[in-house]
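In what follows, a single structure is set out as structure tokens and then discussed.
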Amino acid sequence: MQLYRGMDVGTATPTEAEMGGVAHHLLNILDPSESFSAAAYRARAIPVIEDIRARGRIPVLCGGTGLYVNALTRPLGFAEPGDEALRQALQAVADGPGGRRILHDRLRAIDPDRAARLHENDVRRVIRAIEAHQLTGRTAGERAALDREREGDYRGLLFAPDWPRATLYERIDRRVMEMMHLGLPAEVDALIAAGVPMTATAMQAIGYKELIRAREGFITLDEAVGLIQQGTRRYAKRQLTWFYADPRVQWVPAEERSAQDIAREIKERLQVNGHSVG
RNA sequence: GCCUUGGUAGCUCAGAUGGUAGAGCAGUAGACUGAAAAUCUACGUGUCGGUGGUUCGAUUCCGCCCCAAGGCA
């Protein structure tokens, strides 16, 4: 979400001061009305990474979700671009009576393994799986096998801060309050004034969708703040679940330590792994 | 002070002609291959306000008490 312009407060996009002279890439490169995807992210990130490496530096990927991290550090080829018409047709099937079951059965017929891994209620993934099969003529397993033969993925070292859950949640609650004081509501107003459609990916962002509901009078501002805090806590938990399951992740204790101290530890671990960092 | 209606899971509530209770939300855990700050899945023991009584058995019926809201004085 930091890729979108005009969402600096709500996405905690680093300020000039916070960047401290270190070059940051791919921030504020998208119009909030644009849609985006993990594959598009991969396509945009690779040239940047190559450029940094050509200069003899080590790129640092910061933030984001597990899928986006894996888009660069795992052999994920991603099928072909989605076909909007097909996607809508499948969605129409899903919306009909018993549609979810019908859709899931259809996937089972063409890609049983993939179907077995998806719950029929996870309509978004079922649609994508059918779409990917129709566009490539291959099952997910076959596509993954092809991906594994491909070059071009990065062997990253993954670090994640390890906070006690209570501390993590307190920090989240506090940060949301801070965002409100820094002008998150005004930022939301500006996006709406700029005509960003409610259906845009950017409008799904935590902090924005809740304040829009408050703006429309469905909930109070206080309720919106509570929902933003809750949504952020849940999001953080989902990230934790993702990274717990990734054996590559090295957890770095964060409680009662300064950012500098944590950074120093990560740097030491990098050197142990044979990297040199300036 | 009297009357009425309530007091059941963290919250809002449902329910059992007496056989120790269940939904939504919250919470917790998990999944995730071109929407990912998205999407999806699983998980429900709590002195049924307190205390006496009736009963084989009471949270359910009866008495008294406490608390809350409304009404009458």
Side-chain angles (χ1 to χ4, degrees), chain A residues 1-4 7 9-13 30 32-45 63-84 86-88 90-91 94 100 103-104 111 113-114 116-136 138-148 150 153 165-166 169 172 175-176 179 184 188 197 199-212 219 223 226-246:
Chain A
M1 290 294 178
Q2 294 183 336
L3 313 204
Y4 287 109
M7 301 173 70
V9 173
T11 67
T13 301
L30 298 174
S33 300
E34 290 180 70
S35 62
F36 204 57
S37 70
Y41 170 68
R42 176 188 166 87
R44 298 198 64 151
T65 59
L67 179 63
Y68 275 55
V69 171
N70 283 356
L72 289 167
T73 62
R74 290 281 195 197
L76 301 187
F78 298 110
E80 299 301 307
D83 181 317
E84 201 49 46
L86 174 60
R87 194 172 279 192
Q88 276 171 19
L90 293 172
Q91 183 65 55
R100 295 177 168 199
L103 217 54
H104 195 261
D111 191 344
D113 291 341
R114 184 74 182 126
R117 304 208 53 156
L118 293 177
H119 192 280
E120 67 179 48
N121 285 345
D122 202 348
V123 175
R124 184 175 286 200
R125 286 201 176 79
V126 173
I127 287 178
R128 173 58 195 160
I130 293 172
E131 178 185 278
H133 185 272
Q134 297 210 358
L135 292 165
T136 63
R138 293 190 172 87
T139 66
E142 290 164 352
R143 276 179 273 129
L146 286 174
D147 287 344
R148 263 179 253 119
R150 240 194 25 229
D153 296 299
R165 189 64 62 86
Y169 286 178
I172 285 170
R175 191 180 75 163
V176 170
M179 286 177 174
L184 182 53
V188 172
T199 52
T201 303
M203 289 309 199
Q204 297 178 352
I206 298 169
Y208 298 84
K209 55 173 177 278
E210 295 84 357
L211 284 177
I212 287 167
I219 54 175
E223 286 169 338
L227 288 172
I228 293 168
Q229 291 171 325
Q230 178 184 86
T232 308
R233 279 184 245 120
R234 288 170 158 179
Y235 171 48
K237 170 56 176 77
R238 267 178 270 133
Q239 288 181 312
L240 288 174
T241 298
W242 185 292
F243 291 120
Y244 286 151
D246 189 334

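Please read these numbers as outputs of a predicted model, since none were measured by experiment. Sequence lines set the chain letters: A, B, ... in the order given, protein chains first and strands last, and positions in each chain run from 1.
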Complementary nucleotide for [N] - Watson-Crick or wobble, under 3.5 Å:
N     : value
B/U17 : none
B/A69 : B/U4
B/C64 : B/G50
B/G24 : B/C11

Under 3.5 Å, which protein N or O atoms sit close to an N or O of nucleotides 26-29 of chain B? Give each pair with its distance.
| unit_1 | atom_1 | unit_2 | atom_2 | d |
| --- | --- | --- | --- | --- |
| B/A26 | OP1 | A/Arg234 | NH1 | 3.4 |
| B/A26 | OP1 | A/Arg234 | NH2 | 2.6 |
| B/A26 | OP2 | A/Arg234 | NH2 | 3.3 |
| B/A26 | O5' | A/Arg234 | NH2 | 3.4 |
| B/A26 | O3' | A/Gln230 | NE2 | 3.1 |
| B/G27 | OP2 | A/Arg234 | NE | 3.0 |
| B/G27 | OP2 | A/Arg234 | NH2 | 2.9 |
| B/A29 | OP1 | A/Arg165 | NH1 | 3.4 |
| B/A29 | OP1 | A/Arg165 | NH2 | 3.3 |
| B/A29 | OP2 | A/Arg165 | NH1 | 3.0 |

Does a side-chain N or O from [X] land closer than 4.0 Å to OP1 or OP2 of [N], or not?
X        : N     : answer
A/Arg125 : B/C32 : no
A/Arg238 : B/A38 : yes
A/Arg114 : B/U33 : yes

Exercise for review: Count the heavy atoms of every other residue, nucleotide or ligand shown that sit under 6.0 Å from CZ of A/Arg233, and state whether that count exceeds 12.
Suggested key: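 Atom CZ in A/Arg233 is packed in, count exceeds 12.
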Classify the nucleic acid contact of [X] as base, sugar-phosphate or nothing, counting any heavy atom under 4.0 Å across all strands shown.
X        : answer
A/Tyr41  : nothing
A/Thr11  : base
A/Tyr208 : nothing
A/Gly10  : base

Practice item. Can you tell me the distance, in whole Å, between the CG atom of A/Leu3 and the C1' atom of B/A36? Key: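 A/Leu3 atom CG is separated from B/A36 atom C1' by 12 Å.
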Review point. To the nearest Å, how far apart are A/Trp242 CH2 and B/A31 C1'?
Key: 9 Å
